[in-house]
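The block underneath contains the structure these notes are about, expressed in structure tokens.
Atoms within a ligand are numbered from 1 in the order they appear, just like the ligands themselves.
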Amino acid sequence: MDLRISDEHRQLKDLAHRFTEERIVPHATRWDRDEAIDRDLVPALGDVGFLGLGIDEAYGGSGGDHLAYCLVLEEVARGDSAVRGIISVSLGLVGKTLAKHGTEAQKQRWLPGLCSGRQLGCFGLTEPGTGSDAASLATKAVRDGDDWVITGRKVFITNGTWADVALIFARTGGPGPKGITAFLVPTDSPGFTATEIRGKLGMRGQATAELTLDQVRVGDADRLGDEGGGFKLAMAALDRGRMSVAAGCVGAARGALEVSVRYAKEREQFGKPIAGFQLVQELLADMAVETEAARLLTWRCADLADRGEPFGTEASMAKLYASEAAVRVANNAIQVFGGYGYVDEYPVGKYLRDTRVTTLYEGTSQIQKLLIGRALTGINAFA
Ligand code: CAA
């Protein structure tokens, strides 16, 4: 086993580090306060290839494996988890699903725009009444000749108001997972409305929205994958999504640790830097161990994915551990900063607010535990 990354991976990681330092870190506090990043960041992410990772160059992608994707997300999230989330959703949940299951025409139509950052995608699974129990979703798509007419509501949709294409999961058949089909819905379709949800605790730089689909008409050519195959497609997307959330949590935890070490060496109390106090060192040591453990679980998952082996359970493990660890690490960071950590002059409060949602979205920590438990025992708690 060799845990060193290749020269190519190192160069990509360095590029992501420089990009984050230049284009993200100086603005993250303002974006957090304004509840929006500067939108020109998105095409800039496309120009450096971060929105096309893992996608074939023939469709405007920049290639690379899952480890490359995780390395970039770690660096970006170290600067701003909200930006990491924009990439995870547009590329990870939408672009990669399209690249895997789309027809040639669908790939030609959407992937170049998504990879270049001139367009964005959003993932419409969650509904007001169905979060964890995604297979019970109520949005309906009804056949009308060669078209489908979609009606329903989606909530907490990352990129919702900025997206050009929404990957919408809708019921085309009976109850349960087998009645669900996926559609690529252009967001300028008549009857499609996106309303921004403001006042979030964290991830404030990204646009989170409620979507309303009122008799939105799409062609059968906009169906992604088989009729009735939408749920499996969503679950496979979420396996990759959970890995990307884990990678983002590693970055946020690392960022919180780095600023805490720096601050502890500068801040003096009782006539010496607080880094000299053993209880502060304990806080820092716990943060470092948890960050490293989260990274190893994430890389293990990426390695399995890159070998073409199943990685769903490992993605749940990585996401469960990394998200919970990132919250603890960010909380410790506030402890190191004391009162200064409670105001947004320093970034540690933002790390805590941003990471808090990662134990909720793309499957709560409890859902991840039940998935891991199901893999261990063969017993399905959801049945
Ligand atoms: N890959 C491929 N197929 C899968 C799969 C996977 N990872 N997981 C399940 N399936 C298949 C199953 O094999 C099964 O098919 P068969 O009957 O043919 O075998 C079918 O899908 C149904 O699976 P389950 O029986 O597991 O379905 P369930 O209703 O019991 O679902 C669940 C269980 C795991 C709780 C699922 O509903 C779930 O993951 N819930 C959490 C939802 C979630 O993560 N939402 C996140 C929203 S997106 C988001 O947050 C994005 C954002 O904007 C940030």
key: Residues that Trp162 engages under side chain to side chain donor-acceptor pair (under 3.5 Å), provided they are two or more places apart   =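 Checked Trp162 against side chain to side chain donor-acceptor pair (under 3.5 Å); zero matches.
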ask   = Between Arg254 and Glu258, is there a salt bridge with N-O shorter than 4.0 Å?
value =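 Counted as a salt bridge, because a side-chain N and a carboxylate O are separated by less than 4.0 Å.
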message = So that I can tick it off, tell me whether Asp354 and Arg84 are bridged by a salt bridge, with the cut-off set at under 4.0 angstrom between side-chain N and carboxylate O.
response =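 Salt bridge between Arg84 and Asp354, a charged N being under 4.0 Å from a carboxylate O: no.
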task = Quick one: which residue pairs count as a salt bridge (charged side-chain N to carboxylate O under 4.0 Å, His left out) with a foot in residues 153-165, not counting sequence neighbours?
result =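 Qualifying pairs, neighbours excluded: Glu127-Lys154, Arg153-Glu210.
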task = Using a 4.5 Å cut-off on heavy atoms from C-beta on, say whether the side chain of Asp38 contacts that of Arg30.
result =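 Yes, at least one pair of side-chain atoms sits under 4.5 Å.
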task = Could you please provide the protein residues found below 4.0 Å of ligand 1 on a heavy-atom basis, arranged by chain and number?
result =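 Leu93, Phe123, Thr126, Gly131, Ser132, Ala134, Ala135, Phe156, Thr158, Pro177, Lys178, Phe231, Lys232, Met235, Ala236, Leu238, Asp239, Arg242, Tyr361, Glu362, Gly363, Ile367, Leu371, Arg374, Phe382.
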task = Give every residue pair that meets the ring pair (Phe, Tyr, Trp, His ring centres under 6.0 Å) criterion with at least one member in residues 213-252, sequence neighbours excluded.
result =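 Sorted pair list comes back empty.
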